[in-house]
Chemist: 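Let me begin by handing over the structure; questions about it come next.
Throughout, a chain's letter reflects where its sequence line sits, starting with A, and its residues are numbered from 1.
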Protein chains: 2
Amino acid sequence: MSLPDSTQYLPHIAYDSVIFGFSGEKLKILLMEYHNTGWFALPGGFVKVNEPLDEAVNRGLKERTGLDQIYLEQFHTFGSLERVNPEAMRKILEAQHKEVPSRHWLFERFISVGYYALIDYTKVEAKPDSLSDSIDWYDVGEVPQLLFDHNYIVEKALEHLRTHLDQKLLSVNLLPERFTMKELQQVYEAILGEKQNRANFQRKMLSLGILERHEKLYSGGSHKAPFLYSFHTRS
Amino acid sequence: MSLPDSTQYLPHIAYDSVIFGFSGEKLKILLMEYHNTGWFALPGGFVKVNEPLDEAVNRGLKERTGLDQIYLEQFHTFGSLERVNPEAMRKILEAQHKEVPSRHWLFERFISVGYYALIDYTKVEAKPDSLSDSIDWYDVGEVPQLLFDHNYIVEKALEHLRTHLDQKLLSVNLLPERFTMKELQQVYEAILGEKQNRANFQRKMLSLGILERHEKLYSGGSHKAPFLYSFHTRS
DNA sequence: TATTAATGTATCACTATGAAACAATAGTAA
DNA sequence: TTACTATTGTTTCATAGTGATACATTAATA
């Protein structure tokens with residue numbers, strides 16, 4: 001296992017991705033834990049010399065989750081000096097590699113482009129990369145202390161997601177193909193962090209004209225069965 | 001005049017700024033024209049090794065306009081491969097410098113962070129930098145062909161400005177200290193690109209509670225004189 | 001067949017908004 | 001002084017959207 005090659009990647013440029021998933025109850029994000037350090041961080045990566053930025057992020061997401069063609073949104077670029085922390089990066093590498101050179105491009109300052117994605121929690125097989133020994137889902141309400149400015153990045157991502165939720169009908173990838181109105185509402189509540197009125201939520205969603213109603217779902221409960229819906233596929 | 005030093009700046013990282021001004025009638029942006037090439041581009045710059053990104057952009061804005069403490073908003077980071085155009089950069093440098101090395105960090109690929117600013121058109125003394133022989137205002141409706149992906153960047157900036165206009169009461173810096181309701185409306189119309197209903201516009205602005213009403217402005221016209229307003233300064 | 005619990009829909013009050021009318025007023029001209 | 005005009009400030013009205021609540025429907029169970 002060798003260090004990433006400095007001629008293959010653009011120096012000083014990174015991306016970090018905040019990957020949201022929905023457990024059926026709570027909103028989660030994917031976090032990595034580095035080998036032998038107890039340190040957590042957002043999954044991120046670097047941009048190859050001849051690779052578009054968006055493509056680099058997609059590649060990283062696919063490598064880590066196995067998912068392709070996912071709604072990915074760039075939300076902010078982080079370039080403060082608090083980001084610079086060569087000591088931490090050195091320890092991460094030293095915990096993994098026998099020999100770490102005294103100077104390396106990974107120790108230098110990075111400007112990081114933040115992206116977020118929304119994916120179906122149930123379809124993910126998170127794979128740790130070479131630097132981390134675990135990658136797992138964490139409650140957005142219980143995010144541990146993260147490296148660098150990653151806690152701030154998570155905050156910003158959530159903020160962006162909340163304010164743009166309606167416009168972007170984001171839930172597309174957070175739910176399975178077919179879902180009930182209640183499940184859709186739970187997604188909204190998990191993201192916005194507050195209860196929604198059931199009747200009004202239903203009215204609003206139906207009025208948007210983006211839902212297709214299918215057969216009912218008989219779950220066995222002694223009550224009216226809900227309809228299943230899917231998102232209208234624009235032709 | 002020497003080329004910028006590669007040890008002083010972060011390679012591969014640039015910013016471009018779309019600086020909006022209001023002429024009293026139309027929305028304008030600042031564009032630079034490079035020496036002896038007839039080429040136009042957005043004013044932009046590079047980030048120093050120990051300088052926060054935001055600070056770099058503020059420094060550039062101040063250098064070019066003399067204005068400080070201006071509303072600056074980051075809106076998108078551009079990282080496609082169409083951005084790469086070493087030939088154009090070479091010609092720009094050659095038109096200015098006697099000797100240009102065959103290899104230079106300015107010829108390599110840049111990822112650029114886009115910012116926009118809103119400033120008082122009348123307070124600006126635009127100063128060309130060493131690479132450009134003019135910097136001037138252009139109508140947003142009549143932007144000439146720009147270098148690299150700068151036309152796309154302008155589009156994105158306008159889009160962002162339009163969709164966030166209400167939330168951010170941006171006009172703060174586009175108008176003089178005191179202004180009439182009509183002038184405020186003209187700013188909105190110039191940005192949104194469409195007429196607003198006078199009565200409804202007034203009602204909405206007043207209901208926001210961000211305006212302070214002052215004395216009337218007697219312009220000499222044979223009609224009712226308008227009030228002057230300023231933006232409420234939160235204490 | 002009554003009961004229960006969840007779902008689908010309707011109602012009502014209130015607010016926001018577009019369109020239009022009305023009212024006020026600073027100057028000009030008779 | 002008195003119309004007249006142009007612009008500004010305000011009101012009115014119809015309509016659409018929204019929060020809160022009630023009502024109606026229905027799948028299973030007792």
Side-chain angles (χ1 to χ4, degrees), chain A residues 22 24-25 162-169 171 175-232, chain B residues 22 24-25 162-169 171 175-232:
Chain A
F22 180 62
E25 188 184 0
R162 282 175 179 154
T163 55
H164 293 81
L165 188 55
D166 280 341
Q167 309 161 33
K168 314 227 169 186
L169 40 126
S171 350
L175 289 168
E177 178 72 21
R178 295 197 173 185
F179 48 86
T180 65
M181 190 61 76
K182 182 171 197 170
E183 288 171 328
L184 183 60
Q185 184 173 343
Q186 283 172 325
V187 169
Y188 268 76
E189 288 175 344
I191 292 175
L192 297 176
E194 57 188 21
K195 292 284 176 198
Q196 303 289 113
N197 178 294
R198 186 181 61 85
N200 296 338
F201 181 81
Q202 178 136 330
R203 178 177 59 189
K204 186 179 169 188
M205 285 299 124
L206 292 179
S207 76
L208 290 178
I210 57 170
L211 294 181
E212 202 160 351
R213 181 176 276 184
H214 304 284
E215 76 282 2
K216 287 191 167 190
L217 171 69
Y218 297 93
S219 60
S222 60
H223 49 74
K224 192 171 180 176
F227 288 106
L228 285 172
Y229 295 89
S230 67
F231 287 103
H232 222 80
Chain B
F22 181 61
E25 188 184 1
R162 282 176 178 153
T163 55
H164 294 81
L165 187 55
D166 280 342
Q167 308 162 35
K168 314 227 169 183
L169 40 126
S171 352
L175 288 169
E177 178 72 20
R178 296 195 173 186
F179 48 86
T180 64
M181 191 60 77
K182 181 170 196 172
E183 288 171 328
L184 184 59
Q185 183 173 344
Q186 283 171 326
V187 170
Y188 269 74
E189 288 175 345
I191 292 175
L192 297 176
E194 57 187 23
K195 291 285 176 199
Q196 303 289 113
N197 179 292
R198 185 181 62 86
N200 296 339
F201 181 82
Q202 177 136 330
R203 178 177 59 191
K204 187 178 168 189
M205 286 301 124
L206 292 178
S207 76
L208 289 178
I210 57 171
L211 294 181
E212 202 161 350
R213 182 176 277 183
H214 303 284
E215 76 283 2
K216 288 191 169 190
L217 171 69
Y218 297 92
S219 59
S222 59
H223 50 75
K224 192 169 180 177
F227 288 107
L228 284 172
Y229 295 91
S230 65
F231 287 102
H232 221 82

Chemist: Given dT7(C), dG9(D), dG27(C), which nucleotide is nearest the side-chain atoms of Lys182(A)?
Modeler: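 Selected nucleotide (nearest to the side chain): dT7(C).
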Chemist: Using whole Å, what does the distance between atom P of nucleotide dT11(C) and atom CG of Asn200(A) come to?
Modeler: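 For the pair Asn200(A) CG and dT11(C) P, the rounded distance is 15 Å.
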Chemist: I'd like to know if Glu194(A) pairs up with Arg162(A) as an ion pair, taking the criterion as any Lys NZ or Arg NE/NH1/NH2 lying under 4.0 Å from an Asp or Glu carboxylate oxygen.
Modeler: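 No, Glu194(A) and Arg162(A) are not salt-bridged.
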Chemist: For Lys224(A) and dA24(D), what is the distance between atoms NZ and C1' respectively, to the nearest whole Å?
Modeler: 7 Å
Chemist: Tell me which nucleotide among dT9(C), dA20(D), dT10(D) gets nearest to the side chain of Asn197(A).
Modeler: dA20(D)
Chemist: What is the distance, to the nearest angstrom, from the CD atom on Glu183(B) to the P atom on dT7(D)?
Modeler: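 Those two atoms, CD and P, are 15 Å apart.
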Chemist: Could you check how far CD of Gln186(A) sits from P of dA6(C), rounded to whole Å?
Modeler: 12 Å
Chemist: Working to the nearest 0.5 Å, report the span between OG1 of Thr180(A) and CD of Gln186(A).
Modeler: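 One finds 7.0 Å between OG1 of Thr180(A) and CD of Gln186(A).
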Chemist: Compare all side-chain heavy atoms of Met205(B) with those of Tyr188(B) and state whether any distance is below 4.5 angstrom.
Modeler: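 Met205(B) vs Tyr188(B): side chains touch.
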Chemist: Can you tell me the distance, in whole Å, between the OH atom of Tyr218(B) and the P atom of dT7(D)?
Modeler: 18 Å
Chemist: Considering non-hydrogen atoms only, spot the tightest contact between Met181(A) and Leu206(A) and give its length.
Modeler: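 The pair with the smallest heavy-atom distance is CE-CD2, 3.9 Å.
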Chemist: Do the side chain of Arg203(B) and the base of dG18(C) come within less than 3.5 angstrom through a donor-acceptor pair of N or O atoms?
Modeler: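 It does, because a donor-acceptor pair links the side chain of Arg203(B) to the base of dG18(C) below 3.5 Å.
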Chemist: Taking the nucleotide of DNA chain D with the closest heavy atom to each, which residue, Ala225(A) or Ala199(A), is nearer the 5' end?
Modeler: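 First, find each residue's nearest nucleotide; the 5'-ward one identifies Ala199(A).
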Chemist: Expressed in angstrom and rounded to an integer, what is the separation of Lys216(B) atom NZ from dT25(C) atom P?
Modeler: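 For the pair Lys216(B) NZ and dT25(C) P, the rounded distance is 6 Å.
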Chemist: Between Gln202(A) and Ser222(A), just flag the one whose closest nucleotide in DNA chain C comes earlier from the 5' side.
Modeler: Ser222(A)
Chemist: Starting at CE of Met181(A) and ending at C1' of dT7(C), how long is that distance when rounded to a whole Å?
Modeler: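 It works out to 10 Å between those atoms.
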Chemist: Tell me if the aromatic rings of Phe231(B) and Phe179(B) count as close, with their centers under 6.0 Å from one another.
Modeler: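 Centroid separation for Phe231(B) and Phe179(B): below 6.0 Å.
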Chemist: Closest-nucleotide mapping onto DNA chain D: is Ser207(A) or Arg198(A) further toward the 5' terminus? I mean the 5' end.
Modeler: Ser207(A)
Chemist: Rounded to the Å, how far apart are Lys204(A) NZ and dG8(C) P?
Modeler: 18 Å
